[in-house]
Amino acid sequence: MCGIVGVVSQGPVNQLIYDSLLLLQHRGQDAAGIVTQKDRKFFMYKAKGMVRDAFRTRNMRALPGNSGIGQVRYPTAGNADSEEEAQPFYVNAPFGIVMAHNGNLTNAHALRQELFLTDHRHTNTESDSEVLVNIIAHELEKNTRGIPLTHDNVFDAVVGVHQRLKGSYAVVAMIAGHGLLAFRDPYGIRPMCIGRAADGAVMIASESVALEGSGFQLERDVAPGEAVFIALDGTVHARQCAASTQLYPCVFEFVYLARPDSVLDGISVYQARLALGEGLAKRLISTMPPNEVDVVIPIPESSRPSAMQLAQLIGKPYREGFVKNRYVGRTFIMPGQQVRKKSVRQKLNAVASEFKGRNVLLVDDSIVRGTTSREIVQMAREAGAKKVYLASAAPPVRFPNVYGIDMPTAEELVAHGRSIEEIRVKIGCDALIYQDVEAMKKAIHALNPKLSGFDASCFDGVYVTGDVNAADIARINDNRVQVSQEDEASADSQV
């Protein structure tokens, strides 16, 4: 996953984009980049690290202009060490295009061959986003050769892009001297919304929180397959550019990825997590007597709404038993198991008085590798808990994700090929309760019945684009982010 933003305004946008990327920082911490446009010229700065570390005052001053795009990167393919793979990407023809992308192309390998053999375009990195910007450029060139660019032939180009791409993609791109283009894949797997400020400025962003926190009013979500073109004067044009569309947003956005104060595809993320807590409470009651639980404690932070709702429904006290160090990076994206294990202790500290002598129910948003869960269960025991039960607001993660989330290979997933009892033993808790897959889908779908469904492939193994097979998964795994041994060894001091 990544966070993307695009703005067209009548005033400078560098600070607006910077502030929006801060609000999307949870979507990517590996690199950040901004491109602005002034007088048909692009000004770009991108660097590894979080937004506050990547940009200095001198970098911001070097980003003039009234339109631009930005991205925070969370790499799922290519090389995490390469600054060349930080976004946005640039191609100089036709017109000059800069682009930022959230998602993952499942046919990037085939497209790279097409670009070389048929389109005669060169890609210099392993990033699927570089493939994507070249596909956009080729289709634009095809549809504008010998004629002035209009929003209609921009949309015609996006039609061609949709016909060639497979996978998930939410895209923002600037076409030099013309405007901002944004579009979303025909299944709407990755989120994208549009809003407007009181002064007429228009913003496209991954989540509504980036709009609202920057003084913009959320107008609507960009529909699956839809393209939006915002001219430099702020005029907005939109057109459906895909032959067939369905709305299947990634359910993991609601479980974990998105901020709780965001609204995605008409669904409040916070309300979705409350609904998951309600479903988890029903699952708990059917699994074990609630009177065996003395206290409900969330594992910060995404699980809090679910844990609160569960505690209320089973009539047990909700307590904060872990204090989080906010200056340590996510264990979810740590490179090595030993690094991940050590960072849990750096990241969380137990409040012993909430554990001592109690049967504790820990609630987490999801369990992926199980390494973090095992460490946290051990921490609870060391803090004096009599028994430690663990509940997951999400179902067992049994399958790799191919649509832009760095879910590991199947062999690394603690739930892959194991029964619930085998997972419980591996994690070391006294009882393990998982959300049911269909109950999860039903609970969130009830918040917006207009959805076609969800991409829940990491839970049920059903890949909604219908084009993913075992060979594709193996190839995508081969191209997962590579981290050097030196970086893995030194990661303790970086997180």
**Student:** At their closest point, which heavy atom of Phe55 faces which heavy atom of Met60, and how far apart are they?
**Tutor:**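 Closest approach of Phe55 to Met60: CD2-SD, 4.0 Å.
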**Student:** Side chains of Thr409 and Glu412: is there a donor and an acceptor less than 3.5 Å apart?
**Tutor:**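 A donor-acceptor contact under 3.5 Å links the two side chains.
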**Student:** Name the one of Ile34, Ile17, Val35 that satisfies side-chain contact (heavy atoms from CB on, under 4.5 Å) with Leu63?
**Tutor:**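 Looking at Ile34, Ile17, Val35, the match for Leu63 under the side-chain contact (heavy atoms from CB on, under 4.5 Å) is Ile34.
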**Student:** Atom OH of Tyr90 and atom CE of Met174: how far apart are they, to the nearest 0.5 Å?
**Tutor:**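 Separation between the atoms: 13.0 Å.
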**Student:** About how many Å separate SG of Cys458 and CZ of Arg398, when rounded to the nearest 0.5 Å?
**Tutor:**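 Reported to 0.5 Å precision, the distance equals 12.0 Å.
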**Student:** Quick one about Asn134 and Glu130 (side-chain donor to acceptor, distance below 3.5 Å, no hydrogens or angles considered), yes or no?
**Tutor:**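 Not at all, the side chains of Glu130 and Asn134 share no donor-acceptor pair under 3.5 Å.
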**Student:** Just to verify, what does Arg196 make a side-chain hydrogen bond (donor to acceptor under 3.5 Å, both in side chains) with, not counting sequence neighbours?
**Tutor:**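 For Arg196 the side-chain hydrogen bond (donor to acceptor under 3.5 Å, both in side chains) partners, ignoring immediate neighbours, are Glu219.
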**Student:** Roughly how far, to the nearest 0.5 Å, is the CD1 atom of Ile367 from the OG atom of Ser373?
**Tutor:**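 These two atoms lie 4.5 Å from each other.
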**Student:** Out of curiosity, Arg424 CZ to Leu390 CG, how far, rounded to the nearest 0.5 Å?
**Tutor:**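 These two atoms lie 11.5 Å from each other.
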**Student:** Quick one: side-chain hydrogen bond (donor to acceptor under 3.5 Å, both in side chains) partners of Arg319, sequence neighbours excluded?
**Tutor:**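 Scan of Arg319 (side-chain hydrogen bond (donor to acceptor under 3.5 Å, both in side chains), adjacent residues dropped) gives none.
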**Student:** Scan residues 254-267 for pairs that pass salt bridge (charged side-chain N to carboxylate O under 4.0 Å, His left out), counting only residues two or more places apart or in two chains.
**Tutor:**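 The answer is Arg184-Asp265, Arg259-Asp261.
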**Student:** Please report the interatomic distance CD1(Ile189) to OG(Ser168), rounded to the nearest 0.5 Å.
**Tutor:**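 If we round to the nearest 0.5 Å, Ile189:CD1 and Ser168:OG are 5.0 Å apart.
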**Student:** Holding to side chain to side chain contact (heavy atoms under 4.5 Å, CB included), I want the full list of residues that pass it with Met50, two or more places apart in sequence or in another chain.
**Tutor:**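 Met50 satisfies side chain to side chain contact (heavy atoms under 4.5 Å, CB included) with Gln25, Gln29, Arg52, Asp53 once adjacent residues are dropped.
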**Student:** So among Thr287, Leu280, Ile420, which one has a side-chain contact (heavy atoms from CB on, under 4.5 Å) with Tyr434?
**Tutor:**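 Answer after filtering Thr287, Leu280, Ile420: Ile420.
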**Student:** Excluding sequence neighbours, so at least two apart, what forms side-chain hydrogen bond (donor to acceptor under 3.5 Å, both in side chains) with Asp467?
**Tutor:**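 Partners of Asp467 by the side-chain hydrogen bond (donor to acceptor under 3.5 Å, both in side chains) criterion, ordered by chain and then number, come out as Thr106, Thr465.
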**Student:** Out of curiosity, Gln71 CD to Met99 CE, how far, rounded to the nearest 0.5 Å?
**Tutor:**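 Going from the CD atom of Gln71 to the CE atom of Met99 covers 8.0 Å.
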**Student:** Would you call Phe216 and Ser20 a side-chain contact if the rule is heavy atoms closer than 4.5 Å?
**Tutor:**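 With C-beta onward as the side chain, the pair stays apart.
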**Student:** Only counting residues at least two apart or in another chain, list the ones meeting side-chain hydrogen bond (donor to acceptor under 3.5 Å, both in side chains) with His445.
**Tutor:**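 For His445 there are no side-chain hydrogen bond (donor to acceptor under 3.5 Å, both in side chains) partners, ignoring immediate neighbours.
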**Student:** We want to know whether Glu207 and Ser262 form a side-chain donor-acceptor pair, criterion being a heavy-atom distance below 3.5 angstrom.
**Tutor:**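 Yes, side-chain donor-acceptor contact under 3.5 Å.
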**Student:** Between Lys347 and Phe322, is NZ or CZ placed under 6.0 angstrom from the six-membered ring centre and within 45° of the ring axis?
**Tutor:**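 No, Lys347 does not lie over the aromatic ring of Phe322.
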**Student:** Would you please indicate yes or no on a ring centroid separation below 6.0 angstrom for Tyr169 and His162?
**Tutor:**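 Between His162 and Tyr169, the centre distance is under 6.0 Å.
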**Student:** Applying the side-chain contact (heavy atoms from CB on, under 4.5 Å) criterion to Ile230, which one of Val7, Ile204, Leu181 satisfies it?
**Tutor:**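 Exactly one pass, corresponding to Ile204.
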**Student:** Which residue, Asp460, Asp436, Asp455, forms the salt bridge (Lys or Arg N to Asp or Glu O under 4.0 Å) with Lys441?
**Tutor:**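 When salt bridge (Lys or Arg N to Asp or Glu O under 4.0 Å) is applied between Lys441 and each of Asp460, Asp436, Asp455, only Asp460 qualifies.
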